[in-house]
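Here the structure is laid out as structure tokens; the discussion comes afterwards.
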Amino acid sequence: MSGRWRWLGALAMAASASAFPPAHAAGTATAAKVEIRNFAFSPKVLNVRAGTRVAWTNLDEEPHTVTSAGGQFQSSAALDTGDGYAVTFSKPGTYTYYCAIHPMMVGTVVVK
């Protein structure tokens, strides 16, 4: 391998290591993901511990929202394809949400 390619390979490895620290690294919060796909939230019910950051990603071709049913957390704006939204849930409880554009889409985050 030439010196140029070795240098580029080392640079790429360093960049990927710093961009994606291990989940157990000190100071990192617990994270969970919800996909918005086929006009549904998946998983429909998500159980997490207090302090977890939940991230939604819209994988549909249509816009969707993450709207708190009881105003328990700040709702998202419309999410286009590939857009995401995240909320950190610091207190135990049951948080129901829905898509304001398609109200039949409902999900729940249960924080323990």
Side-chain angles (χ1 to χ4, degrees):
M1 180 183 286
S2 76
R4 177 180 176 193
W5 292 113
R6 190 174 305 127
W7 179 81
L8 287 173
L11 181 62
M13 288 178 63
S16 65
S18 63
F20 302 103
H24 62 275
T28 58
T30 303
K33 295 180 181 180
V34 176
E35 290 184 347
I36 305 170
R37 181 190 304 262
N38 298 321
F39 290 84
F41 296 106
S42 181
K44 185 171 183 155
V45 177
L46 179 66
N47 294 293
V48 299
R49 293 179 187 243
T52 299
R53 180 178 183 263
V54 177
W56 290 264
T57 303
N58 183 10
L59 302 176
D60 272 344
E61 294 295 321
E62 297 294 325
H64 296 293
T65 69
V66 177
T67 304
S68 174
Q72 296 174 298
F73 61 90
Q74 184 167 343
S75 301
S76 75
L79 305 173
D80 288 325
T81 304
D83 286 349
Y85 181 69
V87 173
T88 299
F89 292 91
S90 57
K91 296 180 182 177
T94 300
Y95 300 84
T96 302
Y97 61 92
Y98 63 97
C99 173
I101 302 167
H102 310 100
M104 76 286 194
M105 295 174 55
V106 178
T108 304
V109 176
V110 179
V111 181
K112 297 180 181 194

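Position 1 is the first residue of the sequence; numbering continues from there.
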By side chain to side chain contact (heavy atoms under 4.5 Å, CB included) - contacts of S75 (at least two apart):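 Applying side chain to side chain contact (heavy atoms under 4.5 Å, CB included) to S75 gives T67, S68.
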Side chain to side chain contact (heavy atoms under 4.5 Å, CB included) partners of I101, counting only residues at least two apart: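 Only P63, T65, A78, C99 meet the side chain to side chain contact (heavy atoms under 4.5 Å, CB included) criterion with I101.
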By ring-ring contact (aromatic ring centres under 6.0 Å, His included) - contacts of Y85 (at least two apart):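 Expected list: none.
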Gap between atom OG1 of T88 and atom CZ of F73 - 0.5 Å precision: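 If I round to the nearest 0.5 Å, the distance is 11.5 Å.
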Pairwise distance NE2(H64) to CG(L79) - rounded to 0.5 angstrom: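 These two atoms lie 9.0 Å from each other.
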D60 to N58 - nearest heavy-atom pair and separation: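 Shortest heavy-atom separation between D60 and N58 comes out as N-OD1, 2.9 Å.
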Expected output: side-chain T52 to main-chain A31 donor-acceptor under 3.5 Å: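 Checked: no pair found.
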Side-chain hydrophobic cluster, 4.5 Å single linkage: members besides Y98: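 Once heavy-atom contacts under 4.5 Å are chained together, Y98 belongs with V106.
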Residue pairs, two or more places apart or on separate chains, that pass salt bridge (Lys or Arg N to Asp or Glu O under 4.0 Å) and touch residues 73-88: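 Residue pairs passing salt bridge (Lys or Arg N to Asp or Glu O under 4.0 Å), neighbours aside: none found.
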Pairs involving residues 103-112, ordered by first then second residue, that meet side-chain hydrogen bond (donor to acceptor under 3.5 Å, both in side chains) (sequence neighbours left out):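 Found none.
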Report, one line per pair, each donor and acceptor closer than 3.5 Å where one atom sits in a side chain of residues 33-49; sequence neighbours left out.
from, atom 1, to, atom 2, distance (Å)
E35, OE1, R37, NE, 3.4
E35, OE1, R37, NH2, 3.2

